[in-house]
S.K.: 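Mind looking over this structure? Questions follow.
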2 protein chains.
Amino acid sequence: MSTSITTEPDSQVVGIYQRMTALAAEHSAVNLSQGIPEPVYDAEWRAALAAEVCLAHFQYTPSAGTPGLRESVASLYTDGLPAPVITSGCTESLAAVLLGLADEGCDTVLWLEPFYSYYPGLARLAGMDTRSVPIDLTGTAPRLDMDRLAEELAPLGRRGVLLLNSPHNPTGLVLRRHEWAAVCELVDLHGFHLVIDDVYRDFRYDGPAAPYAALMETGRTTVAGGVSKSYAAAGLRLGWLLTPDRLARRAETAHMHLSNCAPDLLQRAAVRLLAEVDSMRLTHTAQSYRRKRDHLLAALTDSGFTASVPDGGHFVMAVPPADRPWGPEPAVDLLRNTGVCALPLDHFFTRPDAPWLRFSFGVSAGQVEEAAQRLRRARTARNA
Amino acid sequence: MSTSITTEPDSQVVGIYQRMTALAAEHSAVNLSQGIPEPVYDAEWRAALAAEVCLAHFQYTPSAGTPGLRESVASLYTDGLPAPVITSGCTESLAAVLLGLADEGCDTVLWLEPFYSYYPGLARLAGMDTRSVPIDLTGTAPRLDMDRLAEELAPLGRRGVLLLNSPHNPTGLVLRRHEWAAVCELVDLHGFHLVIDDVYRDFRYDGPAAPYAALMETGRTTVAGGVSKSYAAAGLRLGWLLTPDRLARRAETAHMHLSNCAPDLLQRAAVRLLAEVDSMRLTHTAQSYRRKRDHLLAALTDSGFTASVPDGGHFVMAVPPADRPWGPEPAVDLLRNTGVCALPLDHFFTRPDAPWLRFSFGVSAGQVEEAAQRLRRARTARNA
């Protein structure tokens, strides 16, 4: 076991976001390297915070969260699931539950590759070894090899943790009903613990929601979510965990040793937002994201990129056109040549098989349009 | 190395606060088991938050903190210290720096005993072994045995971390100038890293502030602080770290894998508070705390308790009078018999040598007065 999460590679992994965003600003590029959503709910957040500021207190709150927010979060999910534990963001949720699972004897975490670049650091924090199962990116859309997943999980047994992100960052993979059913069967068969990183749950363009009730019935499933994406508030650091009681107590203890609790004011405001932003509005937002996805996909394809079609999430993965040479840093070349900033995905792969870039459409429609125009202009200039 | 921070004992350690507070409510007791300060700055926090709510954004902030708050925090300390890294509370500051130090090869953390009950969990999170040097509680005030401290640190060398809390929770020990100078010499001599838990910095009734500049000159010192105590806002979860550059980058990386960043709104409001609550007001607050300390000390002594006089912090440690039998849980007996709720300190000791209880005077003057009356009434009833 190693707790190393602050060594040079990890520092680069988390530093790449800041580096690309700084480069984008320096070159006046359209920044698609990070999700900086259009401010869909800023007005609502401001109104909610203003309404609660005179009622909120500034002392410790219960580490599991205020009863109000726990109830609001519970109402987002199927009835009968475990009561949510509130955390300081979905990343802290994952850290807390992995620490709890390590104490229960889990020593290996398995995820799909490419993987969100924070996962390796979180595994090291919990002292776990890591494995990955590749997502097939050779077709028009990402595809999961369920047999390969089963093969990798079998030897881990109860020592294993499967960390599943659906919709998936960065591929946009959304598990199908038969795939979720197969995952449930694998949990029952092998006894590993399933952790679902559910943060993109409201951004599905094709494919079903996770079958929460069936997953929870395994007794070995945790759902981690937060307000970052669905309520466009990544900066408020409000997340949650739904997990069986025994593990919930462990995760809460870990949370108490980290940020301890979430501020009363933010939890109060979140109660208002979750009530105000109903499923109709979330569906409407998803529809607008789907249009932005289609727009960005068309521009990338027209510009000679090889793109993988995401069924969910905020990102398009694409490989730059092979008709011109790229330096060792294609994302930097692209930024300089087109004024569009994408995220290089080296840290999302054990060994990348191609110079994959990640383009976020979790930005305003105007930014997507500007990026599309720039990509097309650069292509025309190259062809001329 | 072990990452276990969610096992049964740790869960009890953090659960005792909630248990005593629940018992206090159930018995309508005066709750001195936790610091629930009089709301000295609630109005200021509300005004600051209301003023900033229309300007704040809800997306990620830089993980090291906003430039504004980093500058405000820097201004609290001597010139020329390293730039602060903002965290989600002083506990997360300690977690982040210990994780960074573990990656630099530190494997043992030493602290003074009794110790803040969260420290063992933090050490386990970082995979470090622990040692403690007892604070001498046999006199009227707590006393540090510097020779013993030097003896314990010598064999650790550069693998060691000394976690010093001054003013100290729970004893109220405040290091003297010659003691700070001796600690600096020990750092130079043995090469261990010094982490100062500085959260009670503004609550000194006797004794100097930490000599920040001299401590930082060792190149092996970290100062961890936060708004919890000085600005009576434990629930806002805003902390900071001042540490040499190399370690600051590691701590920031760890922080990015935990809560990631602090909310823009809270950082903006804190900039206002730190400007508004000047050192004059902090001194005035400390004076009011000193009066509350004296009042509580007198009542405890008059009621037959053996109390240790704290030179700083929010707590009086005391042993119940020996003229009556106490059950296995003296804090619960006391609560039932007097209506005053203190915190049992079993989890603050490796092996407690007496049934020490911790009484907070970080509450309103009215609550201290009510507790004092109840203690005296119970004593009179017993003597009658």
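Computed from heavy atoms alone, side chains included, the values below leave out hydrogens, waters and symmetry copies. Below, chains carry the letters A, B, ... as their sequence lines are ordered, and counting in each starts from 1.
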S.K.: For A:Ser93, which atoms come within 4.5 Å of any heavy atom of chain B: side chain, backbone, both, or neither?
M.R.: neither
S.K.: Using every non-hydrogen atom in the two residues, find where A:Tyr118 and B:His257 come nearest and quote the distance to one decimal.
M.R.: O-CD2, 3.5 Å
S.K.: Using non-hydrogen atoms only, which part of A:Ala95 is less than 4.5 Å away from chain B: side chain, backbone, both, or neither?
M.R.: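 Just the side chain, heavy atoms under 4.5 Å.
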S.K.: Under 4.5 Å from any heavy atom of chain B, what part of A:Thr61 do you find: side chain, backbone, both or neither?
M.R.: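 Nothing of A:Thr61, per the 4.5 Å heavy-atom cut-off to chain B.
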S.K.: Could you tell me the separation between the CG atom of B:Leu258 and the OG atom of A:Ser88, rounded to the nearest 0.5 Å?
M.R.: 10.0 Å
S.K.: At a heavy-atom separation under 4.5 Å, does A:Gln59 approach chain B through its side chain, its backbone, both, or neither?
M.R.: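 Backbone plus side chain of A:Gln59, per the 4.5 Å heavy-atom cut-off to chain B.
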S.K.: Please look at A:Glu252 and chain B and tell me whether the side chain, the backbone, both or neither of the residue comes under 4.5 angstrom of a heavy atom of that chain.
M.R.: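 Interface part for A:Glu252: side chain.
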S.K.: Pick whichever of A:Ala50, A:Gly89, A:Cys54, A:Cys90 has the most heavy-atom pairs under 4.5 Å with chain B.
M.R.: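 Heavy-atom pairs under 4.5 Å are most numerous for A:Cys54.
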S.K.: Let me confirm one number: the CH2-NE2 distance from B:Trp45 to A:His57, rounded to the nearest 0.5 Å.
M.R.: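 So the gap between those two atoms works out to 14.5 Å.
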S.K.: Relative to chain A, which of B:Thr87, B:Leu236, B:Leu94 shows the most heavy atom pairs under 4.5 Å?
M.R.: B:Leu236
S.K.: Please look at A:Ala43 and chain B and tell me whether the side chain, the backbone, both or neither of the residue comes under 4.5 angstrom of a heavy atom of that chain.
M.R.: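 Contact with chain B involves no heavy atom of A:Ala43 at all.
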S.K.: Which atoms form the tightest heavy-atom contact between A:Arg46 and B:Val53, and what is the distance?
M.R.: NE-O, 3.0 Å
